[in-house]
Student: 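I have a structure I would like to understand better, so I am pasting it below and will then ask my questions one at a time.
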Amino acid sequence: MGGKEFAKELNKVSIRFSGDSGDGMQLTGTLFSDASALYGNDISTFPDYPSEIRAPQGTIAGVSGFQVHIGKDKVNTPGDYADVLVAMNPAALKANLKWVKRGTIIVDVDSFDEKHILKAGYTEDPLNDRSLESYQVIHAPITSQTKQVLMDSGLDSKAIIRSKNMFALGVSYWLFDRPLKYTEQYFEKKFHKKPELIEANKKVLREGYIFAQNIHALTPYRIEPANIEKGIYKNINGNTATAWGLMAAAEKMQLPLFLGSYPITPSSDILHELSHYKELGVKTFQAEDEIAGICTTIGASYAGNLAVTNTSGPGLALKGEAIGLAIMMEIPIVIVNVQRGGPSTGLPTKTEQADLMQALYGRNGESPCVVMAASTPSNCFDFAFAACKIAVEHMTPVILLTDGFLANGSQPWKVVNTNTLPHINTRIVKERIGNNTPFIRDNATLARNWVIPGTKELMHRVGGLEKDYETGNPSLIPSNHHKMCVTRAEKVKRVAQFVPPLEIHGNEYGDLLVVGWGGTYGHLLSAVDELLIQGEKITLAHFNYINPLPINAAEVFGKFKKIIVCELNLGQFVNYLRMTLPEFTYLQYNKIEGLPFIVEDLKEAFLKHL
Amino acid sequence: MGGKEFAKELNKVSIRFSGDSGDGMQLTGTLFSDASALYGNDISTFPDYPSEIRAPQGTIAGVSGFQVHIGKDKVNTPGDYADVLVAMNPAALKANLKWVKRGTIIVDVDSFDEKHILKAGYTEDPLNDRSLESYQVIHAPITSQTKQVLMDSGLDSKAIIRSKNMFALGVSYWLFDRPLKYTEQYFEKKFHKKPELIEANKKVLREGYIFAQNIHALTPYRIEPANIEKGIYKNINGNTATAWGLMAAAEKMQLPLFLGSYPITPSSDILHELSHYKELGVKTFQAEDEIAGICTTIGASYAGNLAVTNTSGPGLALKGEAIGLAIMMEIPIVIVNVQRGGPSTGLPTKTEQADLMQALYGRNGESPCVVMAASTPSNCFDFAFAACKIAVEHMTPVILLTDGFLANGSQPWKVVNTNTLPHINTRIVKERIGNNTPFIRDNATLARNWVIPGTKELMHRVGGLEKDYETGNPSLIPSNHHKMCVTRAEKVKRVAQFVPPLEIHGNEYGDLLVVGWGGTYGHLLSAVDELLIQGEKITLAHFNYINPLPINAAEVFGKFKKIIVCELNLGQFVNYLRMTLPEFTYLQYNKIEGLPFIVEDLKEAFLKHL
Amino acid sequence: MTATYTAKDLKSSSEVKWCAGCGDHAILNALQKAMPEIGVNHEDLVVVSGIGSSRLPYYMETYGMHTIHGRASAIASGVKTANPKLHVWQITGDGDCLAIGGNHFIHTVRRNIDLNIILFNNQIYGLTKGQYSPTTKKGQITKSSPHGTIENPFNPGELTIGAQGTFFARTTDNNIPQMTEVMKEAALFKGTSVVEILQNCIIFNNATHEYVTNRDTRNDRQIFLEHGKPMLFGEKNDKGLVLKGLSLKVVNLGKNGITEADILVHDATTPDTTLHTMLANMKSPYLPVAMGVIRKVKADTYESLLEKQIETAKKESEIKTLNDLFYGGDTWEVK
Amino acid sequence: MTATYTAKDLKSSSEVKWCAGCGDHAILNALQKAMPEIGVNHEDLVVVSGIGSSRLPYYMETYGMHTIHGRASAIASGVKTANPKLHVWQITGDGDCLAIGGNHFIHTVRRNIDLNIILFNNQIYGLTKGQYSPTTKKGQITKSSPHGTIENPFNPGELTIGAQGTFFARTTDNNIPQMTEVMKEAALFKGTSVVEILQNCIIFNNATHEYVTNRDTRNDRQIFLEHGKPMLFGEKNDKGLVLKGLSLKVVNLGKNGITEADILVHDATTPDTTLHTMLANMKSPYLPVAMGVIRKVKADTYESLLEKQIETAKKESEIKTLNDLFYGGDTWEVK
Ligand SMILES: Cc1ncc(C[n+]2csc(CCOP(=O)(O)OP(=O)(O)O)c2C)c(N)n1
Ligand SMILES: Cc1ncc(C[n+]2csc(CCOP(=O)(O)OP(=O)(O)O)c2C)c(N)n1
Ligand code: SF4
Ligand code: SF4
Ligand SMILES: [Mg+2]
Ligand SMILES: [Mg+2]
């Protein structure tokens, strides 16, 4: 298909699909990302959906969006603002206009009737009131054309309407110069039992493509395949990557994987994903609540599985008491917490980083455990794997923090061959040799041994009461309690010797060190990168390991005049740094709106300190 | 009764009663304290009992102790070490010897038979192996004498044995020159339905007294009545004081008091105490767990009661999620947490200060609430009252921390006439006047109004979702979320303007500022006092208000060369100060043994910095 | 009793945010119809929910609390105990009430606190998009059970009665008059009334109750129980229930000489649980599913017993004010 | 089956820390007698408890977990699901199991995980020194109810059955042979077996079960149910149970022409819950309290269904290793 002579060559460009919850925008966005990734671009995605299942059709509350950023170079974020907006109805236009650069807007003109215009909260038709003058607006008859195309398809009218998103996708494909074949293959696989749907969808997709080509109003973008590391790639979101990282660790340890879980947005997809792989011996236990989620996990760990529980903020609050038990028992478990907007039910479908303090301190007594955070959708794989490795090698609960942005956002992932993953040394002891009892500690890590029921001669009891340092029996002796509290703290502290040092991006010395942690990595990196290109003396130090901090953190901090800590909360990591490395003075940059950072805002903020 | 010619006049002296759990030592200690208080001394007590209900008779695990410190001057602590030890059996001797000064030990010599000596873990009879050479040991035939005295009483042998503690008490009364009458009155009241018991107990008590007098081996102590503020006094422990403070607040507000509670040591006595006062309209709801405890409390608050929940460490962990809900709803509730040794089940009957971080941060999202702490058994009354006042005047949950030491320790309390207590301004609105809606905030406090169901015209919904600043309806708007998070934080911060400034004890400027919080007050005060007397430039600043800190904290801190923060944990308040007042450098003194500080140890530690 | 407000007055200004076609809409409707008819002041109504698709309190112009997942029973218990004059409704889902909230539910039932619990049973977690719930049919494939569930579902009626329940009723979301009737009876009952509504989640569990609720066939597959009336049902009201040993059996009037006199008469008020449990347990296809009020047994409510204790104590105690307590007992004076 | 270990081998070195005279001692004894007789390797035994006076795992030389209050059912479920070859016992109190742990309990029962739950029902919170529990008799004065409780107690058997329970038995702490027998049956049963033991807390609730358990009169006040045997009891074994309508009644053999043939025969294995519930609910003084195995119904266990799903998936799926999954599906190669 032709018409591409005037394509604009670009390094990066982003598109946002938006429509009613029922319009299939999440699928449309996903297909667009997949096609882009398969074409060879680097991508980053950001789904933005309402917390209501199905808010009233046609209203702002019901708008569902999906932004995709594609690039020839490394793409770190889904893009602050979209270059192109697809709006399937007036509400989608209204809700998303603030997220669009002065670029192109493709609207389903058929949906701009009076009823829908009013429902969206407009008083006048925005297509006719000059409010969009600075945009290039394409009036696409998406609904009517779809109906037209499928008139004779034999599909019922509901099914016909349901495929209108494919028309929009076709338009987008032409505009971004994407091949259709990947999506066509998707139809073939997805609908192999309903061939009529394969044909229908293909037809609508193509009609959209042709429409775009024919109207001669659009100039296509061309984004060459990215220059990325060789290898096999797969598009992956943070939740899937987490699930797979856990499975990889279990395979490495040759232990069954057990997940004790209670559904909660945005963490449930980890449960859904893992529930599929019975063939790999994965057991998912959907518990009656989050407490049972972690308690079954503790039982499973004692019984010798690699045991994990996943949740989100309010669920983590419920697990506090049991995390304390696992700490006291020195049982290896992993707690994955996908952070969302709080407090309380808060903004359940939005992203935030405000569970750090509760991860560090949300339980009674002196109860330290390892806390770490993934920082991109795909490295959720790596950190889930690492969390398991630390848990079993150090015999401690590990809390892995991700967030709604990472969980649902997707990125190409260079497929890892499990053979190349590091070895995991479980501390499983299978027979009594010398004094190798359940409560003897390793000199380097202070971890005790892991003795699994069924092992002869090493029967032992674990529990929540303070235990004697030597025998593991309950003990009320004052000095022993002090020793045990210090030992538990030291055990966690020593993990620092086994994790990679803090890396920096930028100059080794400089004026401003930008500090971040977890899911804000892409945005901070983009901002710092852009300022580095402008010649600023700025550096990024991004943390994945929080408790304990990497051993070289103080050394890194010492080389900068100013340190600014950036977080999607009111200042939790910065306060943790104040406690842990009180010798430095910290500036803060905080945002708490349920949304990721905006690169432009970050740059502006950083420049003030440069 | 004579023989007191040679009495040693003393300012302070302490006695520790110890015996088997079944020996009634808690009662003995209580009667001794009551008699001393009624006699006019200042007192401080410390019960130290095993976590097992009834550990095996005669073993160390089963030893129950009760220490009483009495003085002519102000008594701040139960005393580091006892001047006199009463040991009812070998195990009691063994367990408590480390707590005795080189002073007097009264043993029930009848219990030092081979069986009990071995059970206690001795290999030889400690009364005969010269190990006690540096003590004055009184071999009292307590059991046999009691049997002798009551031979003809008509009581069965169990009942006879049970009164042997009164013999020990009689000995102690002679030794400390206490009148018998108060205890005799107690018998008369307690056993008014069983006159035979009145007589029996009186008889044994007197016989003990006479025995002490007759052996001529003891020199009695004389401790003159203390010079304390005029008024009516009552001996009170921290849990009772807490319960009464809550009732006082309810009476002041003219609202019913509601307690939603689940039993847990050492907090349950608050429930027990309040469950009595149905005549004062107090409702105690014994819930199925701690979550229901706080949830019924939230419901009761919405319905217009002064609503409180009480618990201890593990229970607080379970309440985290619901505290977040109360914060989001801006509902006034008080959460009393009686700290005990953790983590997990830990040392459930021992004291500790390690729940501070969980009180501050143990829930998802940015969820600030007021955190405060009582510092003496009797001021639990004042801070319970203050917690309620703050909760309803600022429409916020308030966490009040006490601990096992305060909860069970007792002290004379100057009875408060409720008429003299400050007024409490509830924010209850009874009709719609202007825009006085449930969600309008007070300018000074930022508190919203409290509208109780049943009020016409002001029907409204509260919930856990983020709410619109103006209307209170659920809102997903990013900027509103930011505003609300900041508002909730600011609301708590403003409480500082309504609480007393931080007071100091000692010099206004100096070399060393000792900082403490909560239940360690008595010990820190004693240590600082003693060093002040020695001429050291030392000062104590003790915190009752933690979040927010008193407004003048930084000002106070700035006047000292060094600041040392002392806590019964591994350093929670000091870390909180590092976050909150990062401009200062803090030294730490920490102990985590399930026991209070020791004044001598504190002094030694402080001297190193002077 | 005539109320001074109508269903319309109970509609709040908040937009109703359920999927089109969801059974919840009809339930809301029925509730708004029932409330004005129970003789309670508008401002004394309190609607409490946990978390789930049943986010109903926002849609009701009454006092309301949209709380946290699973805790509505406890919160509502607090409301009622603290302020017994309020009329408290609890809105909850099968996940909210029986998964995470199961314990509060059975304890509330046991205490017999005067709440009206409306249980939206769609046999699925709707709000979190389709995981199985404790009432999902065994073997069903859902988002979290791609291989089919392996858990036995609760029967809410059986659980309620097993937890010392005094009131249990059942109805369906496609029968507004019946729902309204049942809700009214629940509201007028003093004690914990549990009303299970077979509710359709059109998005994640469509037609799960279809066999029983389908309008065309429901008269043959449901029986509407009324206290004091014979247990008759069927399109022509010609089928009835009889007891055979310890089992219920369907018989046809007129066949084998069966007359109305042979048919069991419903006694909802007997404390004995045996027949009520059998009725609550009736399952398709061999027996009709029981609708209406299955059990309704008079018993003291928690809050009324508490109020009585308070009254008695007030009468009998010498302590009238706190000062009586404070200055009473063992005190001494320092002069 | 003969085991290679004896009751003695099950005694751990930890000192037993219960009050002298507490019923727990005898229960521990019975348990240590029962275990060697169930044909399980010593090292495959796991004993899990919550918190309460029942701090039993420390006293057993087996694998053991002394966990947190109320969570034993969930933790034990995790142990068994993760490692089905283990033989898992849960030790719990009326507070631990039915107050804070009630939800985990009913869900475990519903799932029918193969656990042996030994419920020490002393109708009080012992460890925390005497507050009322969810099984305390209504009206009782306790540490937290100085005016008497106002709550209706749960009947553990009724609750178990109401929660889809497959196995329920009852016994008393002063009858070691019976306890041992019942524990063995529970252990051999595949599924969640709930064994309620009427246990005496000598310190805080002494003699609460006395009417039923007193050795002198118990034969007249208890009935020991055995599958397949007529429901006879009494000092002279001359009383029996019959059904009258929907109620159980005591009759005397020999009187009014009653013979053994008229007496109900116990069928513990019928899935129908009606008679089992009636038996579990029998109360003094009009009916004897039922001891022994009241209900024992064969059904799939959770963990066996899960293992089956895993086996099937292993057989049928093309994914044999993680690499198959990782490299399968939509991938692309960057060269
Ligand atoms: C503590 C906590 N855990 C989990 C969730 C997530 N969650 C919200 S509603 C729900 C289940 C809803 O199911 P149900 O009660 O049946 O309501 P429905 O949506 O089906 O009406 C879950 C798991 C939550 N909000 N809070
Ligand atoms: C989270 C939590 N809440 C409360 C407690 C206190 N607690 C320990 S055991 C117990 C009740 C014990 O009753 P029961 O289970 O009947 O055991 P019993 O002592 O009677 O054998 C309570 C309330 C606790 N340990 N943890
Ligand atoms: S998800 Fe289901 S239950 Fe929830 S609103 Fe939609 S249709 Fe109703
Ligand atoms: S308190 Fe009661 S249940 Fe607990 S050990 Fe003592 S007698 Fe037994
Ligand atoms: Mg549901
Ligand atoms: Mg008990």
Student: If the condition is side chain to side chain contact (heavy atoms under 4.5 Å, CB included), which residues does B/A91 pass it with, not counting sequence neighbours?
Tutor: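 With sequence neighbours excluded, B/A91 shows a side chain to side chain contact (heavy atoms under 4.5 Å, CB included) to B/V63, B/N89, B/A120, given in chain and number order.
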Student: Side chain, backbone, both or neither: which part of A/E366 has an atom under 4.5 Å from a heavy atom of chain B?
Tutor: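 Contact with chain B: backbone and side chain both.
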Student: Heavy atoms, side chains only, cut-off 4.5 Å: are A/P582 and B/N575 in contact?
Tutor: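 A/P582 vs B/N575: side chains apart.
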Student: Mind checking whether B/Q358 and A/S367 have side chains closer than 4.5 Å, heavy atoms only?
Tutor: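 With C-beta onward as the side chain, the pair stays apart.
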Student: Given that the side chain runs from C-beta out, which part of A/I291 has a heavy atom under 4.5 Å from chain B: side chain, backbone, both or neither?
Tutor: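 The side chain, not the backbone.
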Student: Does any backbone or side-chain atom of A/R340 lie under 4.5 Å from a heavy atom of chain B? Answer side chain, backbone, both or neither.
Tutor: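 No part of A/R340 comes within 4.5 Å of chain B.
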Student: Do B/L476 and A/K350 make a side-chain contact, defined as non-hydrogen atoms from C-beta onward lying under 4.5 Å apart?
Tutor: yes
Student: Counting C-beta onward and ignoring hydrogens, is there a side-chain heavy-atom pair between A/H481 and B/E352 closer than 4.5 Å?
Tutor: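 Side-chain contact under 4.5 Å: yes.
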Student: A side-chain contact here means heavy atoms from C-beta on lying under 4.5 Å apart; do A/M357 and B/M357 qualify?
Tutor: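 No. Closest side-chain heavy atoms not under 4.5 Å.
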Student: Are there more than 12 heavy atoms of other residues, nucleotides or ligands under 6.0 Å from atom CD1 of B/I477?
Tutor: no
Student: If I take atom CZ from residue A/R578 and atom CE from residue B/M579, how far apart are they, to the nearest 0.5 angstrom?
Tutor: 9.5 Å
Student: Identify the heavy atoms of A/P348 and B/L465 that sit nearest to each other, and give their distance.
Tutor: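 Between these two residues, the closest heavy atoms are CD-CD2, 3.8 Å.
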Student: Please classify the contact of A/L316 with chain B as side chain, backbone, both or neither, using a heavy-atom distance under 4.5 Å.
Tutor: neither
Student: Which answer fits A/S475, side chain, backbone, both or neither, if we ask what part of it has an atom under 4.5 Å from a heavy atom of chain B?
Tutor: backbone
Student: Is it the side chain or the backbone of A/K483 that comes within 4.5 Å of chain B heavy atoms, both, or neither?
Tutor: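 Contact with chain B involves no heavy atom of A/K483 at all.
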Student: Nearest heavy-atom pair of A/M328 and B/S344: which atoms, and what distance?
Tutor: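 Taking A/M328 first and B/S344 second, the nearest heavy atoms are CB-CB, 3.9 Å.
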Student: For A/C485 and B/L570, work out which heavy atoms get closest and say how close.
Tutor: O-CD1, 3.8 Å
